[in-house]
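Order of the sequence lines sets the chain letters (A, B, ...), proteins ahead of strands, with each chain counted from 1. Reckoned from all heavy atoms, side chains included, excluding hydrogens, waters and symmetry mates.
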Protein chains: 2
Amino acid sequence: MDQAKSLNIHHPFQQSFPTVARTPSTPITEHLAYLLAQANREINRQLDARFKKEGVPVEQWRILKVLSDGKGHSMGDLADAVLLNHPTLTKMVDRMVSDALVYRVQDPDDRRKVVMFISDRGKTLTQRLNSLALSQEAHIAENYGNKATADLKRLLESLIEKAN
Amino acid sequence: MDQAKSLNIHHPFQQSFPTVARTPSTPITEHLAYLLAQANREINRQLDARFKKEGVPVEQWRILKVLSDGKGHSMGDLADAVLLNHPTLTKMVDRMVSDALVYRVQDPDDRRKVVMFISDRGKTLTQRLNSLALSQEAHIAENYGNKATADLKRLLESLIEKAN
DNA sequence: AGGAAAATATTGAATATTCAACGATTCCCG
DNA sequence: CGGGAATCGTTGAATATTCAATATTTTCCT
């Protein structure tokens, strides 16, 4: 079938595309917000690719890593730490509980709270994920340079601090 | 109702939380991937807040901004430029077409392709969004410093380049 | 030329995220 | 003390994203 018919495509000109003189504005690639999004997307994608064989998304690694201090963390603290909204975290934790990676304990001191702990199974998985993540960091440092990496980290930390 | 009963909460100990000595590993806050995610989240959130009154998500601004050069862009090029997967872009463009911000034209030279254009309505919206975005950039530069901002941008560009 | 393979964009189903509202508990303050 | 307000986490519905499969068109190769 003709694609134009099925897609409701607009045909403003018969012979040519519209070409209009435009006053150029700042290209999107020069915006800090865009550069951050692009860098984050790329690095995150690479890390996800490494985690692929473990079948764990990056967010779950963050959760496991935070919990692997062995201490309990409330859902609220955890949400802040792993950069997830509360309802998103709740549902992700549900999945991780199903996979027996973490478990919930009701906080006896404040019964509104739930305290999250990592399981033994979660701990051993975390170790494998940590080594995958460290190997990525090593790979970046190698290609990108130790100084650049350190400078970038420092600048990002400072930006995050100022942004709050 | 008792929360523990409804939530299937685990009670591994009667009197105390499990506390286990752990060998500490690199904190998540020192990973580049985490710092990028955190900075991106924060900056993106702030930009989204500014765009709130226009009711436009950041991704749509990116699309509008790329199209505002007045030239046509194929869906594939656009997807790369705005950091969106193809199906996600298709559906977002559907919404933008409904809002009369952009329109589709079938490419006469390659009829597999769809060429996207911005509408007049899209252009005027883009101008408002651009000024909101520029004001955010100015705000960042002010709090964070011109040099730090420039350095950070340069390092991010370089990281993106090396990461490909 | 002709047919297999690649490229392009979309669709539908499955999955994930978000928003608003809720239930339970604790805090605060008169 | 008592009751309204705040906090904490979850839920359900609405929305958005992703994955796999598809339709169409073009390219490539012999």
Side-chain angles (χ1 to χ4, degrees), chain A residues 1-10 37 41 44-45 48-49 51-52 55-60 62-63 72-99 102-117, chain B residues 1-10 37 41 44-45 48-49 51-52 55-60 62-63 72-99 102-117:
Chain A
M1 180 175 36
D2 185 29
Q3 206 179 19
K5 289 207 185 93
S6 73
L7 285 175
N8 213 24
I9 283 181
H10 194 170
R41 179 179 160 92
N44 212 63
R45 192 202 292 288
D48 245 328
F51 287 175
K52 188 67 183 284
V56 177
V58 171
E59 290 79 10
Q60 291 196 13
R62 290 195 205 128
I63 294 171
H73 294 258
S74 73
M75 290 296 281
D77 291 351
L78 202 48
D80 291 343
V82 305
L83 315 175
L84 252 32
N85 298 342
H86 287 217
T88 306
L89 178 64
T90 291
K91 284 154 191 168
M92 188 160 287
V93 163
D94 287 346
R95 286 170 235 145
M96 295 174 77
V97 170
S98 298
D99 294 343
V102 299
Y103 57 92
R104 291 177 163 100
V105 177
Q106 192 180 46
D107 187 336
D109 297 333
D110 183 342
R111 291 165 54 224
R112 290 170 302 183
K113 291 190 184 175
V114 165
V115 187
M116 297 302 311
F117 289 95
Chain B
M1 181 176 35
D2 185 27
Q3 206 177 21
K5 289 207 185 90
S6 73
L7 286 176
N8 212 24
I9 284 180
H10 195 170
R41 180 180 160 91
N44 212 64
R45 193 202 290 288
D48 244 328
F51 286 173
K52 188 68 183 286
V56 177
V58 170
E59 290 78 11
Q60 291 196 14
R62 290 195 205 129
I63 294 171
H73 294 259
S74 75
M75 291 295 281
D77 291 351
L78 202 50
D80 291 343
V82 304
L83 315 175
L84 252 31
N85 298 342
H86 286 218
T88 306
L89 178 64
T90 291
K91 283 152 192 169
M92 186 160 289
V93 162
D94 286 347
R95 285 170 237 147
M96 296 174 78
V97 169
S98 298
D99 294 343
V102 299
Y103 56 91
R104 291 176 163 101
V105 177
Q106 192 179 46
D107 187 336
D109 296 334
D110 183 342
R111 292 166 54 223
R112 290 171 304 185
K113 291 189 183 174
V114 165
V115 187
M116 297 302 311
F117 289 95

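Nearest heavy-atom pair, Val56(A) versus Asp48(A), reported as atom, atom and distance to 0.1 Å: O-OD1, 4.1 Å. The minimum heavy-atom distance between Leu84(B) and Glu59(B), with the atom names listed, is CD1-CG, 3.8 Å. Between Tyr103(A) and Val97(A) the shortest heavy-atom distance is CA-CG2, 4.5 Å. Of all heavy-atom pairs spanning Asp109(B) and Asp107(B), the tightest one is N-OD1, 2.8 Å. Scanning both residues, His86(B) and Ala79(B), for their nearest heavy atoms gives CD2-CB, 3.6 Å. What you find for Ser74(A) and Lys113(A) is that their closest heavy atoms are CB-CD, 4.4 Å.
Between Asn85(A) and dT18(C), a side-chain N or O to OP1/OP2 separation shorter than 4.0 Å is present. OP1 or OP2 of dT26(D) has not a single side-chain nitrogen or oxygen of Arg112(B) nearer than 4.0 Å. Proximity of Ser74(B) to the phosphate of dA9(C): a side-chain N or O atom is located under 4.0 Å from OP1 or OP2.
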Sub-3.5 Å pairs of nitrogen or oxygen atoms, protein against nucleotides 12-16 of chain C:
| unit_1 | atom_1 | unit_2 | atom_2 | d |
| --- | --- | --- | --- | --- |
| dG12(C) | O6 | Lys91(B) | NZ | 2.6 |

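Rounded to the nearest 0.5 Å, atoms CG (Leu89(A)) and CE (Met116(A)) are 8.0 Å apart.
Taking atom CE of Met116(B) as the reference point, atom P of dT8(C) lies 17 Å away to the nearest angstrom. Lys52(B) has its NZ atom 12 Å from the C1' atom of dT18(C), to the nearest Å. Rounded to an integer number of Å, the gap from Asp80(B) CG to dA9(C) P is 10 Å. Note: CZ (Arg104(A)) to P (dA24(C)) measures 17 Å, nearest angstrom. In this structure, Arg41(B) places its CZ atom 8 Å from P of dT18(C), rounding to the nearest Å. Regarding Asp77(A), its CG atom lies at a distance of 9 Å from the P atom of dC8(D), rounded to whole Å. Atom CG of Asp107(A) and atom P of dC8(D) are 11 Å apart (whole Å). Rounding to whole angstrom units, NZ of residue Lys113(B) and P of dA6(C) are separated by 18 Å.
When atom types are taken as modelled, the side chain of Arg62(B) and the backbone of Leu83(B) share no donor-acceptor pair closer than 3.5 angstrom.
The end-to-end axis angle of the helix from dA1(C)-dT30(D) to dG30(C)-dC1(D), rounded to 10 degrees and based on five pairs per end, is 30°.
Taking the charged nitrogens against the carboxylate oxygens, Arg104(A) and Asp94(A) do have a contact shorter than 4.0 Å, which makes a salt bridge.
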